[in-house]
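Shown next, in structure tokens, is the structure this report addresses.
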Amino acid sequence: MAAAETVKSTVEQFTAASNVAFKDGVEKTLTALNEVNTHSKKNLEAMVASMTAATKGAEALGAQAMSFSKSAFDTQVSAARSLASAKSVQEVIELQTAFAKSALETYMAQVGQMSETVSASVKDSMKPLNERVTALVERMQAAR
């Protein structure tokens, strides 16, 4: 009878320890899943913020391109009128040279402005993603 009590006690202890271990395992798993869910949500938010910044940059770049195109067209029409009203070949050459120089300077300034817009857009687009990578690296280092 004592042996039966010992077996019963051992089984009860084993069952209690198993229940505690199972409960702890489930709690740890749920905690880990919640952390993964939180990180996934933050990653998604970072992607949305990145795409929003990229879209704004593309819109700004498109607006600059349209503005430059309109301005360049107006300048070309004006230059054509000036060339058409020239009184001599020498005047045509001078007008054409002045127009070419002005057009090149304007184009180079526009390229610089658009490069700055692209650079700022890339920087703004990458910022949320860089923050998430930094958070991941910090988390991995803390887990060591």
Taking side chain to side chain contact (heavy atoms under 4.5 Å, CB included) as the definition, give me every residue that meets it alongside Ser119, ordered by chain and number, with sequence neighbours left out. none
Where Ala60 and Thr117 come nearest, the two heavy atoms and their spacing: CB-CG2, 4.1 Å
To the nearest 0.5 Å, what is the distance between CD (Gln113) and CE (Met108)? 13.5 Å
Is the side chain of Ser102 donor-acceptor paired with the backbone N or O of Ala98 at a distance under 3.5 Å, no angle test? no
Go through the steps to decide whether Glu45 and Arg132 satisfy the test side-chain contact (heavy atoms from CB on, under 4.5 Å), and finish with yes or no. CA-CA 10 Å; Glu45 289 169 352; Arg132 293 306 307 146; over 6 Å; no
How far apart are the closest heavy atoms of Leu129 and Ser50, and which atoms are they? CD1-OG, 3.7 Å
After noting the C-alpha distance and the side-chain angles of Glu59 and Thr55, does the key distance pass the side-chain contact (heavy atoms from CB on, under 4.5 Å) rule? CA-CA 6 Å; Glu59 288 172 354; Thr55 301; 3.7 Å; yes
In terms of hydrophobic clusters joined by side-chain contacts under 4.5 Å, are Val118 and Phe68 together? no
Rounded to the nearest 0.5 angstrom, the NE2-CG distance for His39 and Asn43 is 8.5 Å
N/O donor-acceptor pair under 3.5 Å between Ser71 side chain and Ser67 backbone: no
Can you tell if the side chain of Asn37 reaches within under 4.5 Å of the side chain of Leu33, non-hydrogen atoms only? no
What I want to find out is whether Asp74 reaches Lys70 closely enough, with some N-O distance under 4.0 Å, to be called a salt bridge. yes
Do Glu131 and Lys42 meet the salt-bridge criterion of a basic N to acidic O distance under 4.0 Å? no
Going only through I, L, V, M, F, W and Y residues with side-chain contacts under 4.5 Å, is there a path from Leu104 to Val111? yes
Hey, quick one: are Leu61 and Met126 part of the same hydrophobic cluster, counting side-chain heavy atoms closer than 4.5 Å, chains of contacts allowed? yes
hydrophobic_cluster_shared for Val36 and Met140, side chain cutoff 4.5 Å: no
Identify the two heavy atoms, one from Ser121 and one from Ala53, that lie closest to each other, and give their separation to 0.1 Å. OG-O, 3.9 Å
Inter-residue atom distance Ser69.OG - Gln76.CD, 0.5 Å rounding: 9.5 Å
Nearest 0.5 Å please: distance from the OG1 atom of Thr52 over to the CG atom of Asp124. 11.5 Å
Are Met51 and Val48 in one and the same hydrophobic cluster, where Ile, Leu, Val, Met, Phe, Trp and Tyr link if side-chain heavy atoms are under 4.5 Å apart? no
Dump the intermediate steps for side-chain contact (heavy atoms from CB on, under 4.5 Å) on Thr75 and Thr106, then the final yes or no. CA-CA 10 Å; Thr75 302; Thr106 303; over 6 Å; no
Donor-acceptor under 3.5 Å (Thr10 side chain, Thr6 main chain): yes
Enter the distance from Glu116:CD to Gln64:CD here, rounded to the nearest 0.5 Å. 9.0 Å
Nearest 0.5 Å, please: how far is CD in Glu5 from CD in Glu12? 8.5 Å
Assess whether side-chain contact (heavy atoms from CB on, under 4.5 Å) is satisfied between Leu83 and Phe99, documenting all intermediate values. CA-CA 10 Å; Leu83 287 173; Phe99 169 73; over 6 Å; no
Any donor-acceptor N/O pair, Glu91 side chain to Lys87 backbone, under 3.5 Å: yes
